[in-house]
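Let me begin by presenting the structure, written as structure tokens, before commenting on it.
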Amino acid sequence: AKERTFSIIKPDATRRNLTGEINAVIEKAGLRIVAQKRVKWTKAQAQEFYAEHKERPFFKELVTFMTSEPIVLQVLEGEDAVAKYREIMGATDPAEAKRGTIRKKFALSKGENSVHGSDSTKSASREIKMNFIAKEIAG
Ligand code: CMP
């Protein structure tokens, strides 16, 4: 079914001017970028977004990284968008990511892994609401 997912182009990628190359991979896969904005998150925004990871050993590092530089927030739309985007992102650890995936091409490490994508339609809905208002999305 036609779905929406939430995507972030992370600081390691914006810093290296990879937004356009990552968007090309997204669009070639048939996903439509129906909303996009470049922002810098506050610490509070990053902590709220990643609340489910707050007990993890890497939480502080994750929040510091995600607030270190601007990021690009996106809503992607298409057939099975959640699963399709996870497929083209590749595994969290670039060493395990398949050839042709965004993380295989661009990620530097498990933390600096270039992109985020929602893990379910429920997460997508939460993450989109947290970062966009309805009129910013033009499907
Ligand atoms: P993301 O999909 O944005 O959601 C949680 C993030 O935690 C994940 O991508 C990784 O970037 C990050 N992460 C997972 N494991 C580690 C780790 N071992 N060290 C640092 N960051 C991690």
Side-chain angles (χ1 to χ4, degrees):
K2 189 159 134 177
E3 283 174 359
R4 285 177 174 175
T5 192
F6 179 71
S7 160
I8 306 176
I9 301 179
K10 296 188 180 184
D12 67 284
T14 59
R15 189 194 337 126
R16 289 176 290 150
N17 265 0
L18 294 172
T19 301
E21 287 190 58
I22 291 171
N23 281 350
V25 176
I26 290 169
E27 293 189 328
K28 277 185 190 125
L31 291 168
R32 188 171 286 278
I33 302 165
V34 295
Q36 174 169 266
K37 60 185 173 188
R38 183 173 163 110
V39 303
K40 194 161 185 286
W41 265 353
T42 63
K43 200 172 158 185
Q45 284 175 297
Q47 286 169 333
E48 191 197 347
F49 185 83
Y50 284 118
E52 68 175 305
H53 297 303
K54 67 173 181 293
E55 306 305 329
R56 303 277 194 99
F58 56 81
F59 182 69
K60 208 175 155 201
E61 179 189 323
L62 178 60
V63 170
T64 300
F65 169 59
M66 291 300 290
T67 56
S68 65
E69 299 203 49
I71 54 182
V72 175
L73 308 178
Q74 302 174 315
V75 179
L76 310 181
E77 187 177 271
E79 205 54 35
D80 297 316
V82 170
K84 182 174 276 184
Y85 191 44
R86 289 188 76 83
E87 191 182 309
I88 66 169
M89 285 197 299
T92 302
D93 184 347
E96 289 162 21
K98 288 191 190 138
R99 204 160 20 115
T101 62
I102 293 168
R103 284 167 170 163
K104 183 66 176 187
K105 284 177 195 245
F106 305 120
L108 302 174
S109 67
K110 249 190 261 183
E112 297 199 319
N113 64 356
S114 303
V115 283
H116 164 85
S118 310
D119 63 7
S120 65
T121 52
K122 189 161 173 259
S123 302
S125 163
R126 169 188 175 266
E127 293 172 1
I128 291 168
K129 278 200 190 84
M130 196 179 281
N131 289 284
F132 286 96
I133 57 172
K135 72 176 185 185
E136 290 177 312
I137 307 171

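No experiment lies behind these values; they were computed from the predicted model shown.
Residues P11 and M66 meet the side-chain proximity criterion, which asks for heavy atoms closer than 4.5 Å. Within the 4.5 Å cutoff, the side chain of K2 has heavy atoms near those of the E77 side chain. Between R15 and E112, the closest side-chain pair of non-hydrogen atoms falls below 4.5 Å. At a threshold of 4.5 Å between non-hydrogen side-chain atoms, the residues I137 and R4 count as touching. Within the 4.5 Å cutoff, the side chain of K54 has no heavy atoms near those of the Q47 side chain. In this structure, V39 and P70 have side chains that are not in contact, with every pair of non-hydrogen atoms separated by 4.5 Å or more. Side-chain contact between F49 and V63 is absent, with no heavy atoms from C-beta onward closer than 4.5 Å.
No donor-acceptor distance shorter than 3.5 angstrom exists from the side chain of E27 to the backbone of A24, with no hydrogens or angles considered. At distances below 3.5 Å, at least one donor-acceptor pair connects side-chain atoms of E136 with backbone N or O atoms of I133. T101 places no side-chain N or O within donor-acceptor distance of the main-chain N or O of A97, the cut-off being under 3.5 Å. A distance-only check finds a donor-acceptor pair linking the side chain of R86 to the backbone of G117 [under 3.5 Å]. Remark: side-chain polar atoms of S118 are paired, donor with acceptor, to backbone N or O of F6 under 3.5 angstrom. Here the side chain of Q74 pairs no donor or acceptor atom with the backbone of Q36 at under 3.5 angstrom.
Geometrically, K10 does not engage F65 in a cation-pi contact, judged by NZ or CZ lying under 6.0 Å from the ring centre and within 45° of the ring axis.
Note that CG of D93 and OG of S109 are 8.5 Å apart. Values are rounded to the nearest 0.5 Å. Summarising the geometry, atom CD belonging to E3 is positioned 9.5 Å from atom OG belonging to S120; distances are rounded to the nearest 0.5 Å. Here CG of D80 is found 10.0 Å from CD of E87. Values are rounded to the nearest 0.5 Å. Taking NZ of K40 as the start and CD1 of I71 as the end, the distance is 9.5 Å to the nearest 0.5 Å.
Think of I22 as one node in a network of Ile, Leu, Val, Met, Phe, Trp and Tyr side chains linked at under 4.5 Å; its network also takes in I9, L18, V25, I26, L31, I33, V72, L76, Y85, I88, M89, I102, F106, V115. Other cluster members for V82: none, since no ILVMFWY side-chain heavy atom sits under 4.5 Å from it.
Residues satisfying the side-chain contact (heavy atoms from CB on, under 4.5 Å) test with T92, not counting sequence neighbours, are R103, K110, N113.
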| query | S114 and R16: side-chain contact (heavy atoms from CB on, under 4.5 Å), yes or no, with the steps? | reply | CA-CA 10 Å; S114 303; R16 289 176 290 150; 3.6 Å; yes
| message | Applying ring-ring contact (aromatic ring centres under 6.0 Å, His included) to F58 and Y50, what does each step give before you reach the verdict? | response | CA-CA 11 Å; F58 56 81; Y50 284 118; 8.7 Å; no
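Between K122 and E127 there is no salt bridge, since no side-chain nitrogen of the basic residue lies less than 4.0 Å from a carboxylate oxygen of the acidic one.
Side-chain polar atoms of Q45 and N131 form no donor-acceptor pair below 3.5 angstrom. When only modelled atom types and interatomic distance are considered, S125 and K129 share a side-chain donor-acceptor pair under 3.5 Å.
Enclosure of atom NZ in K37 by more than 12 non-hydrogen atoms of other residues, nucleotides or ligands within 6.0 angstrom is indicated. Crowding of R32 atom CZ: a count of heavy atoms from other residues, nucleotides or ligands under 6.0 Å not exceeding 12.
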